[in-house]
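Reckoned from all heavy atoms, side chains included, excluding hydrogens, waters and symmetry mates. Everything numeric in this text was worked out from a predicted model, so none of it was measured.
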Amino acid sequence: GGYPLNLKRLAAPFAIVACLALTGATKRDWNGTVVRADGAHAIGNPAAPNTLTEFVSYTCPHCGDFARTGDEALKIAYIAPGKVRLEIRHIVRDPVDLTAALLTWCGEPGKFPRNHAAIMHAQPRWLAAARATTTTQRHRWATGDLPTRTRAIAADLGFYAIMEPRGYSRAALDRCLSDTAMATRLSENSSRDTARFNVEGTPSFAIDGKLLDDVHDWTTLQRRLGAPL
């Protein structure tokens, strides 16, 4: 019983599905392309029509707000399709900021975006812990060599607990926290970029090397990105 199969009619829909599947497979998500250059991480299509530079400090609450409200939208709407390449530059304000930056740079470049997101999404918690530290803790942060200071900060603020689920061992994190050459480079890059781009606060943004006036949050930046660049 039943109806006879019409193989030609059945083949047509399968051909369409196969075609759609192949078309989807060729679509590239540029968020996976991350390189280190000129003291920054550049995320996205190297041939994108525009480069957006974000100047960020990890101890800046407004930077954390931007990361939690704007980062995903920026990745989906602008970076993924290759419209914009994002360049993240650090403005290092204090020892806690430097410690966080050392951890986000830990490992190969491709790890940076999620390291950055992990630190920023946990920022309300660890900033509260920083405000509640004792005089003794802050003294440990300011004395001794770099590894002693950065490890004390990382332990007191829970940075190890943030980074270990990212696949890092405690030993690997300690190596990154002990990298005096990287710490010097990050500090020097911060001073250079502050002067070069005339950055007065964070977060700040530049498009194709030109600093945007009065743009310090996702709502305002989104309007600028929606306008002709």
Side-chain angles (χ1 to χ4, degrees), residues 39-41 43 54-75 88-108 111-191 193-194 199-205 216-218:
H41 283 90
I43 306 164
E54 176 186 355
F55 301 95
V56 62
S57 297
Y58 287 116
T59 52
C60 158
H62 296 297
C63 295
D65 290 340
F66 177 82
R68 295 185 294 275
T69 58
D71 273 5
E72 285 305 310
L74 190 60
K75 290 175 185 176
I88 296 183
R89 295 185 174 275
H90 302 280
I91 305 301
V92 179
R93 309 191 314 167
D94 51 60
V96 174
D97 205 339
L98 178 61
T99 301
L102 285 169
L103 291 173
T104 62
W105 277 67
C106 199
E108 65 267 20
K111 286 183 172 288
F112 173 79
R114 290 188 180 181
N115 290 347
H116 174 80
I119 292 290
M120 280 306 203
H121 280 265
Q123 189 203 58
R125 184 172 71 249
W126 60 257
L127 270 186
R131 295 186 188 104
T133 49
T134 65
T135 302
T136 301
Q137 285 176 306
R138 291 192 294 275
H139 179 72
R140 286 170 56 231
W141 297 2
T143 56
D145 58 14
L146 178 81
T148 300
R149 289 181 278 122
T150 55
R151 291 177 190 179
I153 291 169
D156 290 345
L157 301 188
F159 285 160
Y160 289 111
I162 294 169
M163 297 298 291
E164 284 169 348
R166 295 271 308 117
Y168 293 96
S169 67
R170 182 76 171 243
L173 294 171
D174 282 345
R175 282 194 297 273
C176 291
L177 291 169
S178 304
D179 191 340
T180 55
M182 176 59 72
T184 300
R185 199 174 314 139
L186 286 167
S187 297
E188 290 175 348
N189 289 344
S190 173
S191 298
D193 289 343
T194 299
V199 177
E200 296 182 353
T202 55
S204 288
F205 303 90
H216 305 288
D217 58 67
W218 171 239

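Inter-residue side-chain proximity for R125 and L157 is flagged as unmet; no heavy-atom pair is nearer than 4.5 Å. When side chains are defined from C-beta on, R166 counts as touching K111, because their heavy atoms get closer than 4.5 Å. Taking 4.5 Å as the limit, every side-chain heavy atom of L177 sits out of range of all side-chain heavy atoms of P147. Residues L186 and W105 are in side-chain contact: their nearest non-hydrogen atoms beyond the backbone lie under 4.5 Å apart. The shortest distance between side-chain heavy atoms of L127 and P61 falls below 4.5 Å. Looking only at side-chain heavy atoms (C-beta outward), I88 and I43 come within less than 4.5 Å of each other. Taking 4.5 Å as the limit, some side-chain heavy atom of V56 sits within range of a side-chain heavy atom of H116.
Heavy-atom contacts from other residues, nucleotides or ligands closer than 6.0 Å to NE2 of H121 number more than 12.
Taken to the nearest 0.5 Å, the CD1 atom of I162 stands 13.0 Å off from the OH atom of Y168. Between the SG atom of C176 and the CG atom of N115 there is a distance of 9.0 Å, given to the nearest 0.5 Å. Note that the CG atom of L102 and the CZ atom of R185 stand 10.5 Å from one another [nearest 0.5 Å]. In this structure, T59 OG1 and D94 CG are separated by 3.5 Å, a value rounded to the nearest 0.5 Å. S178 contributes atom OG, which lies 7.0 Å from atom CG of L146 (distance to the nearest 0.5 angstrom). With values rounded to the nearest 0.5 angstrom, L173 atom CG is found 6.0 Å from M163 atom CE.
T134 places a side-chain N or O within 3.5 Å of a backbone atom of Q137 that can act as its donor or acceptor partner. Here the side chain of H216 pairs a donor or acceptor atom with the backbone of P203 at under 3.5 angstrom. T99 contributes no side-chain N or O that, together with a main-chain N or O of A154, makes up a donor-acceptor pair within less than 3.5 Å. In this structure, the side chain of S57 engages the main chain of I91 through a donor-acceptor pair within 3.5 Å. Distance alone, capped at 3.5 Å, is enough to place a donor-acceptor pair between the R149 side chain and the G144 backbone.
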Evaluate D217 against F205 for side-chain contact (heavy atoms from CB on, under 4.5 Å), listing each step before the verdict. CA-CA 9 Å; D217 58 67; F205 303 90; over 6 Å; no
Please assess T104 against Y58 for the test side chain to side chain donor-acceptor pair (under 3.5 Å), listing each intermediate value before the final yes or no. CA-CA 10 Å; T104 62; Y58 287 116; 3.3 Å; yes
Step by step, would you call R151 with D174 a side-chain contact (heavy atoms from CB on, under 4.5 Å)? CA-CA 7 Å; R151 291 177 190 179; D174 282 345; 3.6 Å; yes
For E164 and R170, what are the C-alpha separation, side-chain angles and deciding distance, and is it a side-chain contact (heavy atoms from CB on, under 4.5 Å)? CA-CA 7 Å; E164 284 169 348; R170 182 76 171 243; 3.8 Å; yes
Would you check, one step at a time, whether the test side chain to side chain donor-acceptor pair (under 3.5 Å) holds for R93 with S190? CA-CA 9 Å; R93 309 191 314 167; S190 173; over 6 Å; no
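Salt-bridge annotation for R140 and D156: present, with a side-chain N of the basic residue lying under 4.0 Å from a carboxylate O of the acidic one. Note on K75 versus E72: salt bridge recorded, some NZ/NE/NH1/NH2 to OD/OE distance being below 4.0 Å. Ion pairing between a basic and an acidic side chain is recognised when a charged N comes within 4.0 Å of a carboxylate O; D65 and R68 show such pairing.
Contact record, H62 with T202: CB-O, 4.3 Å, taken as the closest heavy-atom pair. Closest heavy-atom contact between A67 and M120: CB-CB, 3.6 Å.
Annotation: side-chain contact (heavy atoms from CB on, under 4.5 Å) contacts of T143 (sequence neighbours excluded): H139.
Under the 6.0 Å cut-off for aromatic ring centres, F55 and H90 do not qualify, their centroids lying 6.0 Å or more apart.
Using bins of under 30°, 30° to 60° and over 60° for the plane-to-plane angle, the ring pair W218/F66 lands in the perpendicular bin.
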